[in-house]
Every structure is written in structure tokens, then in C-alpha cells.
Amino acid sequence: MSVDENCLFCKIAAGKIPSRKVYEDDHIYAFHDINPWAPVHFLMVPKLHIPSLAQAGPEHEALLGRMLVLAPRLALEQGCKPYPEGGFRVVINTGDEGGQEIHHLHVHVMGGPRPWLRG
Ligand code: AMP
Ligand code: ZN
């Protein structure tokens, strides 16, 4: 399935529900988390509907690699200080016990001066 019409993040990635955009290309959409834990907290999602990392397969290797490589660039653009003094945290919650609430694969990128609200 490429897009799930009932999925919140599919709707956000398609611009059908408003969000504060951080980045967009043909395959990836990034936007600020509505309930940030840290001074910088944005989400990166594939435009393709993949429910979680547990459903990622070999056909998604390029997409996932692209998202990971994009993370440091967007983190810097959003105000994270450079590695090693600055940096950021990348989290992919997967499944109920993994703390996943929205079932569309998303990468949390969090950073900025501490203390953070959580984590
Ligand atoms: P997770 O627990 O990993 O599934 O995280 C879902 C994240 O999506 C949470 O950090 C929420 O704050 C965030 N979120 C939920 N709805 C929206 C929205 N409409 N716009 C931006 N972020 C959202
Ligand atoms: Zn989706």
C-alpha cells in the first residue's frame, strides 16, 4: 500500500493536514513535532505508508538510508550545534511496547540545549 487514506502522517505528508514543514522531497517529508520533548524536535516520514520499522524490507533500504543521512543536515539547519558538543538523538518507536502511537514509520530527531522535557 502506498498511501493509507486514514493515516494521519500520510495526510500530513500529502499536505492534507497542516504541519510546520522542515523539509520535503519526492520521498520524504519532515515536520516539527506538535508536542516537542526538546528545543529541536522534528519527525521525518517516508511519503510511502510503511506502518513501522517492523514492516521495512530490502526494498526500503535506500529510503531508510536516505532518511538517516538527512537527519544530521536537518538537525543543524534547525539549530542543533555540531557534533561532538552538540548533536541530536534519533528515535524510531516501533510497536506498542516500543512506544509507537502513530502507525506510520517516523524518525524522531531531537536536540538542542538541555534539560529536555523528556529523555
Ligand atoms: P510515536 O509515539 O513515536 O508514535 O510518536 C508520535 C509523535 O507524533 C508524537 O511525538 C506526537 O507529538 C507527534 N504528533 C502527533 N500528531 C501530530 C501532528 N498533527 N503534527 C505533528 N506531530 C504530531
Ligand atoms: Zn501513513
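All ligand and atom numbering here is 1-based and tracks the order in the structure. Fair warning: this is a prediction, and the values are worked out from it, not measured in the lab.
For I92, the heavy-atom gap to ligand 1 stays at 4.0 angstrom or more.
Polar contact check, H106 against ligand 1: a nitrogen or oxygen pair lies under 3.5 Å apart. Residue contacts with ligand 1: L8 is placed with no nitrogen or oxygen under 3.5 Å of a nitrogen or oxygen of the ligand (distance criterion only). Residue I102 has at least one nitrogen or oxygen atom sitting less than 3.5 Å from a nitrogen or oxygen atom of ligand 1, judged on distance alone. Between F31 and ligand 1, no N or O atom pair is found at a separation short of 3.5 Å. Below 3.5 Å of separation, one finds an N or O of D33 facing an N or O of ligand 1.
For ligand 1 and H108, the ligand atoms under 4.0 Å from any heavy atom of the residue are 1 (P), 3 (O), 5 (O), 7 (C), 10 (O). Contact atoms of ligand 1 toward G99: 1 (P), 2 (O) (distance under 4.0 Å to a heavy atom of the residue). Residue-ligand proximity, I12 to ligand 1, at heavy-atom distances under 4.0 Å covers atoms 18 (C), 19 (N), 20 (N). Atoms of ligand 1 found under 4.0 Å from any heavy atom of N93 (numbered from 1 in listed order, with element): 1 (P), 2 (O), 3 (O). Every atom of ligand 1 with a heavy atom of N35 under 4.0 Å away is listed here by number and element: 12 (O).
The side-chain contact (heavy atoms from CB on, under 4.5 Å) with V107 is formed by just one residue from the set V90, L64, V45; it is V90.
Shortest contact from atom 4 (O) of ligand 1 to any protein heavy atom: E101 N, 2.7 Å. If you check which protein heavy atom lies closest to atom 21 (C) of ligand 1, you get I34 N, 3.3 Å. Looking from atom 8 (O) of ligand 1 to the surrounding protein, the closest heavy atom is F9 CZ, 3.5 Å.
For the atom pair CD1 of I102 and SG of C10, the computed distance is 11.5 Å after rounding to the nearest 0.5 Å. With rounding to the nearest 0.5 Å, the separation of CD1 in I50 from CZ in F9 is 14.0 Å. Note: R66 CZ to H60 NE2 = 14.0 Å, rounded to the nearest 0.5 Å.
Backbone or side-chain N, O or S atoms of H49 reach the Zn ion (ligand 2) at under 2.8 Å.
Across all their heavy atoms, C80 and G112 have their closest contact at SG-N, 4.1 Å. For the pair W37 and M110, the tightest heavy-atom approach, listed with the atom from each and the gap, is CE3-SD, 3.8 Å. Residues H103 and H49 share a closest heavy-atom pair of O-CE1, 3.3 Å.
The side-chain heavy atoms of V22 and Y29, taken from C-beta on, include no pair separated by under 4.5 Å.
Counting heavy atoms closer than 4.0 Å to ligand 1, residue W37 contributes nothing at all. With a 4.0 Å heavy-atom cut-off, ligand 1 is reached by no atom of V91. With a heavy-atom cut-off of 4.0 Å, H32 touches ligand 1 through its backbone alone. Contacts between I17 and ligand 1 below 4.0 angstrom, taking non-hydrogen atoms only, are absent altogether. Here F42 has no heavy atoms under 4.0 Å from ligand 1, in either its backbone or its side chain.
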Before you tell me yes or no, could you show the steps for H32 and H41 under ring pair (Phe, Tyr, Trp, His ring centres under 6.0 Å), namely the whole-Å CA-CA distance, both residues' side-chain angles and the distance that decides it to 0.1 Å?
CA-CA 6 Å; H32 291 280; H41 186 174; 9.5 Å; no
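Side-chain atoms of T94 come within 3.5 Å of backbone atoms of I92 as a donor-acceptor pair (strictly under, hydrogens ignored). Remark: side-chain polar atoms of H104 are paired, donor with acceptor, to backbone N or O of P46 under 3.5 angstrom. The main-chain N or O of A75 is never found under 3.5 Å from a side-chain atom of Q78 such that the two would form a donor-acceptor pair. Of the possible donor and acceptor atoms, one in the side chain of K47 sits under 3.5 Å from a partner among the backbone N and O of D25.
Between the ND1 atom of H104 and the SG atom of C7, the angle centred on the Zn ion (ligand 2) amounts to 110° when rounded to 10°.
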